[in-house]
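Some notes on the structure that comes next.
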There are 2 protein chains.
Amino acid sequence: MKVALAERLDQVEEQFVELWNNMASLWGISPTMARIHGLLYISGAALSMDDIMERLGISRGNVSMNLSKLVEWGLVRRVHKRGDRKEYFESLSDVWEMFTLVANQRKRREIDPILTTLRRCRDELTPEAIGGQALKEPAQKRFQRINDLLKLLTLFDGLAQRFFESHKGLREAVEMLTSEE
Amino acid sequence: MKVALAERLDQVEEQFVELWNNMASLWGISPTMARIHGLLYISGAALSMDDIMERLGISRGNVSMNLSKLVEWGLVRRVHKRGDRKEYFESLSDVWEMFTLVANQRKRREIDPILTTLRRCRDELTPEAIGGQALKEPAQKRFQRINDLLKLLTLFDGLAQRFFESHKGLREAVEMLTSEE
DNA sequence: TATTCCTTTCAGGAAGATATGAAAATTGTA
DNA sequence: TACAATTTTCATATCTTCCTGAAAGGAATA
């Protein structure tokens with residue numbers, strides 16, 4: 001009976017890792033990176049590279065590279081056990097924290113540069129920039145569309161600024177939105 | 001002078017398409033699909049396959065495939081001009097509408113299945129499911145973590161349900177969050 | 001129905017992304 | 001400092017995803 005339970009736990013773990021793998025594109029990280037993180041998260045323990053290699057069946061180099069990325073993202077931290085020369089790795093445990101971490105990261109890496117170029121595009125089409133000529137229909141429309149987009153992204157950006165800064169802020173915001181009638 | 005303006009418009013268009021290309025991973029669509037959509041959005045006009053092929057320098061087959069995906073997603077619609085045998089394609093113009101469209105689509109395709117498996121995982125570890133044995137530390141922790149995650153995702157899911165259903169709802173929510181002190 | 005114009009499909013090829021494994025580098029131990 | 005244990009790096013191989021172009025399919029005209 002105990003064996004049966006252990007087996008079931010392993011199955012759940014496997015399913016979970018697989019699920020994390022599928023979520024990778026949603027988080028904007030590579031599938032293997034996600035699987036490693038999934039394993040660390042679900043196991044709730046500090047694992048060594050060898051543990052991970054064995055459980056996921058991937059090569060040492062691969063594990064090494066992806067672990068350092070995870071550490072860079074701040075989702076995983078290195079742990080040292082005294083009397084042991086190996087390094088161990090441990091995932092954050094708070095889902096809200098993980099979420100805000102990734103959100104902020106992606107904002108900085110992907111959204112901010114986009115906003116910058118978008119603003120540059122707009123400024124190219126600004127009435128002054130084009131020498132005060134009245135824009136004809138198509139150009140007018142283009143300017144319009146860039147502006148619309150910029151407005152929406154700026155709004156979202158402001159939201160992110162406010163609510164994704166800390167996981168506490170996010171939690172509050174979500175609770176507010178879900179509770180109130 | 002007029003030429004200079006036209007050139008500048010083209011440059012902006014190109015920059016914009018490039019930008020859309022970079023946003024692709026954020027929207028969860030392929031880069032080429034994004035570029036095509038970007039071109040249609042920014043030009044604000046109904047373009048034929050040949051127009052798109054020429055402006056983006058991609059093959060007919062590629063354009064055809066990606067356009068049908070865009071139509072499937074609902075971001076682009078087919079337009080017929082009378083007296084012309086060609087088909088033309090036109091993007092939605094409302095950014096909020098585009099956003100909710102994509103958000104809902106991704107929710108249905110990617111998040112809902114995840115929630116389903118996650119719930120299955122949880123139920124595997126439910127006290128009843130494992131025959132009432134007291135869970136030992138590691139198993140206990142796993143159950144805990146799955147539950148935490150499930151809670152967060154369910155919350156988000158609820159939010160999506162409420163606010164992403166229509167672009168009006170989204171707009172309202174965003175305004176609420178940004179205006180209030 | 002035949003012809004022309006246009007679109008879709010899809011097999012094969014190109015490009016890009018990921019993984020491997022062995023050598024080099026690093027870190028701790030004696 | 002030499003040695004042993006562990007991690008990192010990186011050239012090469014593998015896998016996946018995407019693109020092309022040509023052939024097949026459809027639809028409008030005559």
Side-chain angles (χ1 to χ4, degrees), chain A residues 17-18 20-40 46-73 75-90 106 109-110, chain B residues 17-18 20-40 46-73 75-90 106 109-110:
Chain A
V17 169
E18 178 58 21
W20 227 236
N21 175 73
N22 296 335
M23 291 228 284
S25 68
L26 223 50
W27 294 81
I29 65 182
S30 84
T32 304
M33 190 170 153
R35 287 193 334 134
I36 294 176
H37 178 253
L39 177 60
L40 290 172
L47 304 182
S48 70
M49 274 184 37
D50 297 83
D51 294 335
I52 297 170
M53 287 170 62
E54 196 201 320
R55 295 225 221 172
L56 300 182
I58 56 190
S59 74
R60 184 175 300 283
N62 199 359
V63 172
S64 170
M65 302 270 260
N66 280 298
L67 274 174
S68 36
K69 278 192 221 157
L70 283 168
V71 170
E72 239 175 65
W73 279 75
L75 290 167
V76 164
R77 72 165 151 270
R78 292 168 198 276
V79 178
H80 297 278
K81 293 188 180 175
R82 62 194 203 93
D84 193 338
R85 213 145 135 181
K86 277 209 202 85
E87 275 193 312
Y88 290 78
F89 297 86
E90 193 175 65
R106 296 196 78 186
R109 295 183 196 201
E110 304 178 57
Chain B
V17 168
E18 179 59 21
W20 226 236
N21 175 73
N22 297 333
M23 292 228 285
S25 67
L26 224 50
W27 294 81
I29 65 182
S30 84
T32 304
M33 192 168 151
R35 291 197 326 137
I36 295 176
H37 178 253
L39 177 62
L40 291 172
L47 304 180
S48 70
M49 273 183 39
D50 296 84
D51 295 334
I52 297 170
M53 286 170 61
E54 197 200 319
R55 296 225 220 172
L56 301 181
I58 55 189
S59 73
R60 184 175 302 282
N62 198 0
V63 172
S64 170
M65 302 273 260
N66 280 298
L67 274 174
S68 36
K69 277 192 219 156
L70 282 168
V71 171
E72 238 175 67
W73 279 76
L75 289 167
V76 165
R77 74 166 149 271
R78 293 169 195 275
V79 178
H80 296 278
K81 294 188 180 176
R82 62 194 203 95
D84 192 338
R85 216 146 132 180
K86 277 207 202 87
E87 273 192 314
Y88 291 80
F89 297 85
E90 193 175 63
R106 294 196 80 186
R109 295 183 197 199
E110 305 180 54

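Residue numbers start from 1 in every chain, and the chains themselves are labelled A, B, ... in the order their sequence lines are given, proteins ahead of strands.
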Would you say the side chain of B:Arg55 lies within less than 4.5 Å of the side chain of B:Val17, judging by non-hydrogen atoms?
-> no
Donor/acceptor link under 3.5 angstrom from B:Arg85 side chain onto base of C:dT4 | yes
Looking only at C:dC10, C:dT20, D:dT8, the nucleotide nearest the A:Met49 side chain is D:dT8
Rounded to the nearest Å, what distance is computed from the CE atom of residue A:Met33 to the C1' atom of nucleotide C:dA19?
-> 16 Å
Side chain of B:Ser64: nearest nucleotide among D:dT8, C:dT8, C:dG21?
-> C:dT8
After noting the C-alpha distance and the side-chain angles of A:Arg60 and A:Met49, does the key distance pass the side chain to side chain contact (heavy atoms under 4.5 Å, CB included) rule?
-> CA-CA 7 Å; A:Arg60 184 175 300 283; A:Met49 274 184 37; 3.3 Å; yes
To the nearest Å, give me how far apart CZ (B:Arg60) and C1' (C:dT8) are.
-> 11 Å
Return the value, rounded to whole Å, for the distance between atom CG of B:Asn21 and atom P of D:dC18.
-> 12 Å
Side chain of B:Asn66 only, please: which of D:dC19, C:dC6, C:dA19 is the nearest?
-> D:dC19
Protein-nucleotide distance (B:Tyr88, atom OH; C:dC6, atom P), rounded to Å | 9 Å
Could you state the CD1-P distance from A:Ile52 to D:dT8, rounded to the nearest angstrom?
-> 11 Å
Using atom CG of B:Leu56 as one end and atom C1' of D:dC18 as the other, report the distance to the nearest whole Å.
-> 15 Å
Quickly work out the B:Asp84 CG to D:dA27 P distance and round it to whole Å.
-> 17 Å
Kindly check if the number of other-residue, nucleotide or ligand heavy atoms within 6.0 Å of CD (A:Glu54) is above 12?
-> no
Please state how far atom NZ in A:Lys69 lies from atom P in C:dT18, giving the value in whole angstrom units.
-> 7 Å
Using a heavy-atom cut-off of under 4.0 Å over every strand shown, decide if B:Ser30 touches base, sugar-phosphate, or nothing.
-> sugar-phosphate
State, with a plain yes or no, whether a side-chain heavy atom of A:Asn66 is found less than 4.5 Å away from one of A:Ile58.
-> no
Upstream residue (5' side of DNA chain C) when A:His80 and A:Thr32 are each assigned their closest nucleotide | A:Thr32
For the atom pair CH2 (A:Trp20) and CG (A:Leu40), what is the distance rounded to the nearest 0.5 Å?
-> 11.5 Å
